[in-house]
Amino acid sequence: MRIDIEIVKPTLGYPLPLPFAGNVQAGFPSPAEEYLEPTLDLNKQLVPRPASTFLARVKGQSMRDAGIHEGDILVIDRSLKPEEGRTAVCFLDGEFTLKRLHITATGIELLPANPDFPAIPVKAESQFTVWGIVSYVIHKL
């Protein structure tokens with residue numbers, strides 16, 4: 001089963017600086033940082049290459065176990081190289097799908113991150129391209 005996604009260009013006409021509280025310790029508490037950055041610009045952080053960056057909203061649950069859920073927003077960078085294990089937006093036989101790339105000497109397989117979905121072997125006769133690589137996932141808690 002493929003994931004339907006709507007792909008759009010991000011609007012980057014202005015900076016998006018937000019107050020930045022520094023690092024938050026996820027283990028044991030640590031002393032406060034002596035220096036905190038005053039702001040963090042999400043456009044600069046998430047979109048380092050605007051000409052090759054697109055956003056898409058996920059529909060479906062095939063990547064659930066990779067922490068990618070329906071409604072999440074993907075930041076997709078088309079300039080990144082498709083490599084083994086990367087999460088990619090692929091165009092397969094006229095449809096977009098989001099899967100992890102499994103590249104071997106004998107071919108490519110698109111792997112879901114949910115046992116309820118099958119792997120998708122890319123056949124020689126398939127129309128296939130790796131459209132872009134997911135660089136960030138924006139997930140609402």
Side-chain angles (χ1 to χ4, degrees), residues 1-30 32-141:
M1 178 171 185
R2 297 195 171 87
I3 295 177
D4 298 320
I5 56 176
E6 176 187 356
I7 298 172
V8 298
K9 283 292 287 178
T11 303
L12 300 172
Y14 54 90
L16 185 58
L18 298 173
F20 185 60
N23 299 320
V24 177
Q25 188 70 25
F28 293 104
S30 67
E33 303 271 338
E34 289 183 22
Y35 171 76
L36 299 179
E37 293 180 58
T39 63
L40 177 74
D41 187 332
L42 288 180
N43 284 333
K44 288 181 182 177
Q45 181 70 36
L46 300 178
V47 187
R49 291 171 289 283
S52 63
T53 302
F54 293 81
L55 302 174
R57 188 174 305 274
V58 176
K59 294 185 180 176
Q61 291 292 332
S62 74
M63 296 301 288
R64 173 196 73 199
D65 295 346
I68 303 172
H69 302 276
E70 183 150 355
D72 287 354
I73 296 171
L74 306 174
V75 179
I76 305 160
D77 190 334
R78 296 195 70 196
S79 72
L80 296 176
K81 183 179 177 184
E83 295 175 331
E84 169 65 27
R86 284 200 156 169
T87 300
V89 173
C90 301
F91 193 70
L92 178 64
D93 295 330
E95 297 182 40
F96 284 105
T97 188
L98 176 69
K99 299 287 184 279
R100 185 162 290 138
L101 297 174
H102 180 54
I103 304 168
T104 66
T106 58
I108 299 172
E109 193 172 32
L110 305 179
L111 302 179
N114 181 334
D116 296 335
F117 292 82
I120 302 171
V122 177
K123 300 175 184 161
E125 64 273 10
S126 295
Q127 285 186 311
F128 173 76
T129 186
V130 175
W131 194 85
I133 301 298
V134 176
S135 56
Y136 290 95
V137 177
I138 301 170
H139 177 77
K140 183 177 181 179
L141 295 177

Rounded to the nearest 0.5 Å, the CD1 atom of Ile138 sits from the CG atom of Leu42 at a distance of 8.0 Å

A side-chain contact here means heavy atoms from C-beta on lying under 4.5 Å apart; do Lys99 and Cys90 qualify? no

Under a 4.5 Å cut-off applied to non-hydrogen side-chain atoms, are Ile68 and Leu74 in contact? yes

When rounded to the nearest 0.5 Å, the distance separating CD1 of Ile76 from OG1 of Thr87 is 11.5 Å

Say whether, by atom type as modelled, one donor and one acceptor occur between the side chain of Arg57 and the main chain of Gly71 under 3.5 angstrom. yes

CG-CD distance between Asn114 and Gln61, expressed to the nearest 0.5 angstrom: 7.0 Å

Please tabulate, for side-chain N and O atoms in residues 119-134, each donor-acceptor pair with protein atoms closer than 3.5 Å (sequence neighbours left out).
unit_1 : atom_1 : unit_2 : atom_2 : d
Ser126 : OG     : Lys123 : N      : 3.4
Ser126 : OG     : Lys123 : O      : 3.4

The complete set of salt bridge (Lys or Arg N to Asp or Glu O under 4.0 Å) pairs with one or both residues in residues 65-78, sequence neighbours excluded, reads Arg49-Asp77

Side-chain touch Arg64/Pro115, heavy atoms, less than 4.5 angstrom: yes

Measuring only between side-chain heavy atoms, which start at C-beta, is Val137 closer than 4.5 Å to Ile73? no

Nearest heavy-atom pair of Pro82 and Ile103: which atoms, and what distance? O-CD1, 4.3 Å

Going by the rule side chain to side chain donor-acceptor pair (under 3.5 Å), which residues pair with His102 if we only count those two or more places apart in sequence or in a different chain? Glu84

What closest approach, in Å, do Arg100 and Ala66 show between heavy atoms, and which atom pair accounts for it? NH2-CB, 3.7 Å

